[in-house]
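Read through the structure below, which is laid out as structure tokens, and then see the notes.
Below, chain A is the first sequence line, B the second, and so on; all start at residue 1. These figures come from a predicted structure and were not determined experimentally.
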Protein chains: 2
Amino acid sequence: MLKVAQDSKESGSTSSALIQALEDDILHNVLKPGDRLDEQALAKRFEVSRTPVREALRHLASSGLVEIRRNQGAMVRRLTTTELIEMFQVMAELEGLCARLCARRMSEEELAEMRKHNTVCEERAAAGDHDGFFDANTDFHETIYTGARSTYLQDEVRKLRNRVNVYRRHITFQPRRMTRTVAEHWKIVKAIEAGEEDDAHQFMREHVDLLAGSAADVLLTLEAKNSS
Amino acid sequence: MLKVAQDSKESGSTSSALIQALEDDILHNVLKPGDRLDEQALAKRFEVSRTPVREALRHLASSGLVEIRRNQGAMVRRLTTTELIEMFQVMAELEGLCARLCARRMSEEELAEMRKHNTVCEERAAAGDHDGFFDANTDFHETIYTGARSTYLQDEVRKLRNRVNVYRRHITFQPRRMTRTVAEHWKIVKAIEAGEEDDAHQFMREHVDLLAGSAADVLLTLEAKNSS
DNA sequence: TTCTGTGGGATTGTATGCAATTTTTGATCT
DNA sequence: AGATCAAAAATTGCATACAATCCCACAGAA
């Protein structure tokens, strides 16, 4: 599932394919925060002219993944600790809303799928499989986005999740984080199943808010390392 | 404060000026939802080539104001009733978070300013001054965005508010809406002053949620008219 | 040695030209 | 008259060329 973009022969309609490829590279940390994105270099690499590259960069810029400074080119956006915390706070609120809507709207099938995903989380956590846990966890949250049945909300949450994902991946590597996450998930599942929308909202908000703290720790650690 | 972009001699660095000008035109309803945005026409109107126009359109597209379909050009995005409701719901959540943070963080000066803005709202409502009320109301909410002291949150809320503003303006024209709004504002003010963050959050969410309902009514009315 | 100013190189911003796709128009057939 | 298909016109997508701006190195002076 985690397929990194192939450099050569990236086919499909150039422009949107480019955006996708670059986004993937950033999200999967092939292009790291702070990396400079040279238009000519990218043009040569993808075998297109600078025009579509520019358009792709502009697009990524307004989605927040890259930063463009006038006459100074583009670079992969590097988030400050403060920004990351702020984002998690917003994400907590938005995922809380998702959970609330799920409590109102989820079908039996969706509920079953949600439970299943958290069961997988539980298994992988027990096995100490961090990468597997990360994916199962993603699936769990993804189910909740879909279950909210609000296209706008879904899109916004996904966009936000993408932006913090680079840093987020590190968090699951923290000790005891996985088992705690699973427990929090079950609380949320129970609230949604019971149709307790206020609880669902609150539990989810707290769940994501906790990540914010961990994320801040992780980032501060990274910053300390990079300040060499 | 509400200055519409001048057509002729739009100076400043072309590209960002273009984006601003187009955005203003859309936000102030000079360019109406559904209007086609012809690249050449815009290029001629702003006396630049198609390239910067294209970039501006792409930018507006990814901020959601315009819609681009492959090989079919750009048009001002027309929101469906469903989308508008979904947006208000998210906005309610986000403004709720703002209010919560205000309850924690606002300075005395900011509190005073907030009260002042709502007093102005009250006066204009009493005077039946709809446009004036709209502006004062904007100021009130703006104060709360700033008071939250979260740049990311501020930006997101403003972006969202911009997108729904075109439709929002109609709402204050509804009978009794203004006086109710003022009362709701006072409740929020009181909660923030008291540092009751949960109340502040909830009251603000309800306040904006009510708008969602009104917005839906307005939009459905508009759609009925346009279906001729 | 350090600071400042100038020049060259590199990179971004804009203009224009050509290819590809879509839409419109008009002619023909039913 | 209405429908269908084809060709032309218009519009978008991409490539390339040129202009403007910025960065960096190097030289000269304090």
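- The side chain of B:Asn71 sits closest to D:dG13 out of D:dG13, C:dT12, C:dA15.
- To the nearest angstrom, C1' of C:dT22 lies 14 Å from CG of B:Asp38.
- One can place CZ of A:Arg50 at 6 Å from C1' of C:dT12, the figure rounded to the nearest angstrom.
- Between B:Glu47 atom CD and C:dT14 atom C1' there is a gap of 15 Å when expressed in whole angstrom units.
- Ionic pairing of A:Arg45 and A:Asp25 is present here: one or more N-O contacts between side-chain nitrogen and carboxylate oxygen are shorter than 4.0 angstrom.
- Taking atom CD on A:Glu39 and atom P on D:dT21, their separation rounds to 17 Å, with Å as the unit.
- Atom pair B:Gln40:CD and D:dA9:C1' shows a separation of 12 Å (rounding to whole Å applied).
- Take B:Lys116 and apply the side-chain hydrogen bond (donor to acceptor under 3.5 Å, both in side chains) test, not counting sequence neighbours, and it matches no residue.
- The stretch residues 52-63 of chain B touches DNA chain C through B:Pro52, each having a heavy atom under 4.0 angstrom from the strand.
- Between the CZ atom of B:Arg36 and the C1' atom of C:dT24 there is a distance of 12 Å, given to the nearest Å.
- Ion pairing between a basic and an acidic side chain is recognised when a charged N comes within 4.0 Å of a carboxylate O; A:Arg77 and A:Glu83 show such pairing.
- Distances from the side chain of B:Ser49 to the nucleotides D:dT11, C:dA15, C:dT11 place C:dA15 closest.
- Remark: P of C:dT21 and CZ of B:Arg69 are 18 Å apart, rounded to the nearest angstrom.
- Looking at A:Tyr145 and A:Glu95, their side chains do bring a donor and an acceptor atom within 3.5 Å of each other.
- Inspection of the A:His28 and A:Asn165 side chains reveals no N or O donor paired with an N or O acceptor under 3.5 Å.
- Considering only side-chain atoms of A:Thr51, the nucleotide from D:dA15, D:dT12, C:dA15 that sits closest is D:dA15.
- Between A:Gln72 and the phosphate of D:dC23, there is a side-chain N or O to OP1/OP2 separation shorter than 4.0 Å.
- Side-chain polar atoms of B:Glu86 and A:Thr151 form a donor-acceptor pair below 3.5 angstrom.
- For the pair A:Glu110 and A:Arg149, the salt-bridge criterion is met [side-chain N within less than 4.0 Å of a carboxylate O].
- Between the CE atom of B:Met75 and the P atom of C:dT23 there is a distance of 13 Å, rounded to whole Å.
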